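What you see below is based on every heavy atom in this structure, not just the backbone, and it leaves out hydrogens, waters and symmetry mates. These figures come from a predicted structure and were not determined experimentally.
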Amino acid sequence: MTNRLRLPEKYRLMLESLFQEHLPGVEVWAYGSRLTNRCHDGSDLDLVLRGPELQEIPIEKLLELRHALQESTIPFLVETHDWNHLPDRFHKEIERDFVRLVKVD
């Protein structure tokens with residue numbers, strides 16, 4: 001349910017567009033402070049990227065996306081992490097409370 005994610009609609013649409021352009025087929029989960037009452041307009045947005053069949057995302061593609069995010073007009077920091085580069089204990093933490101920002105069918 002993306003309505004739990006404290007993210008203005010225009011920025012959600014911008015993010016979806018950037019992911020479609022740079023990493024089509026990658027599922028994106030939001031986690032962290034933007035799912036809580038502790039966030040504010042300038043809070044960063046924590047995202048974990050889950051490649052098809054949980055395959056590692058090529059670093060070139062990840063760097064292209066990060067550059068596009070920096071060049072965008074999104075007025076807060078967007079942190080992106082490849083699921084494969086996070087430890088298992090962090091996977092379990094994220095799985096407890098996340099929102100799918102970009103779904104893959």
Can you say whether the rings of Trp29 and Trp83 are parallel (under 30°), tilted (30 to 60°) or perpendicular (over 60°)?
->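 Perpendicular.
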
So which atom in [X] and which in [Y] form the shortest heavy-atom distance, rounded to 0.1 Å?
{"X": "Arg4", "Y": "Val99", "value": "NH1-CG2, 3.9 Å"}
{"X": "Glu16", "Y": "Leu101", "value": "OE2-O, 3.6 Å"}
{"X": "Leu65", "Y": "Leu18", "value": "CD1-O, 4.1 Å"}

Hydrophobic side-chain clustering at under 4.5 Å (ILVMFWY, transitive links): who's grouped with Leu13? Put none if nobody.
-> none

Are Tyr31 and Phe90 side-chain neighbours, meaning at least one heavy-atom pair lies under 4.5 Å?
->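 Of all side-chain heavy-atom pairs linking Phe90 with Tyr31, at least one is under 4.5 Å.
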
Less than 4.5 Å apart, any side-chain heavy atom of Thr80 and any of Arg66?
-> yes

Are [Y] and [X] connected in a single hydrophobic cluster, I mean Ile/Leu/Val/Met/Phe/Trp/Tyr linked by side-chain heavy atoms less than 4.5 Å apart?
{"X": "Met14", "Y": "Val26", "result": "yes"}
{"X": "Leu35", "Y": "Leu15", "result": "yes"}
{"X": "Leu49", "Y": "Phe98", "result": "no"}

Atom pairs and distances, donor-acceptor, side-chain atoms in residues 68-79, under 3.5 Å, two or more places apart:
| residue | atom | partner | partner atom | Å |
| --- | --- | --- | --- | --- |
| Ser72 | OG | Leu69 | O | 2.7 |
| Ser72 | OG | Ile74 | N | 3.3 |

For Phe19, enumerate each residue passing the ring pair (Phe, Tyr, Trp, His ring centres under 6.0 Å) test, keeping only those at least two apart in sequence or located in another chain.
-> none

May I ask you to decide if Leu5's main-chain N or O and Arg34's side chain share a donor-acceptor pair within less than 3.5 Å?
-> no

Do [X] and [Y] sit within salt-bridge range, that is, some charged N less than 4.0 Å from a carboxylate O?
{"X": "Lys61", "Y": "Asp82", "answer": "no"}
{"X": "Glu9", "Y": "Arg12", "answer": "yes"}
{"X": "Glu27", "Y": "Lys103", "answer": "no"}

Separation between CD of Glu93 and CG of Asp88, rounded to the nearest 0.5 Å = 13.5 Å

With Glu64 via side chain to side chain donor-acceptor pair (under 3.5 Å) - residues at least two apart |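 Per chain and number, Glu64 pairs via side chain to side chain donor-acceptor pair (under 3.5 Å) with no residue.
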
Extract all donor-acceptor atom pairs below 3.5 Å that involve side chains of residues 40-48 and protein atoms in other chains or at least two apart in sequence.
| residue | atom | partner | partner atom | Å |
| --- | --- | --- | --- | --- |
| His40 | ND1 | Gly42 | N | 3.1 |
| His40 | ND1 | Ser43 | N | 3.4 |
| Ser43 | OG | His40 | N | 2.8 |
| Ser43 | OG | His40 | O | 3.3 |

Donor-acceptor pairs are to be reported for all side-chain atoms of residues 50-58 against protein atoms at under 3.5 Å, with residues two or more places apart or in another chain.
| residue | atom | partner | partner atom | Å |
| --- | --- | --- | --- | --- |
| Glu56 | OE2 | His85 | NE2 | 2.9 |

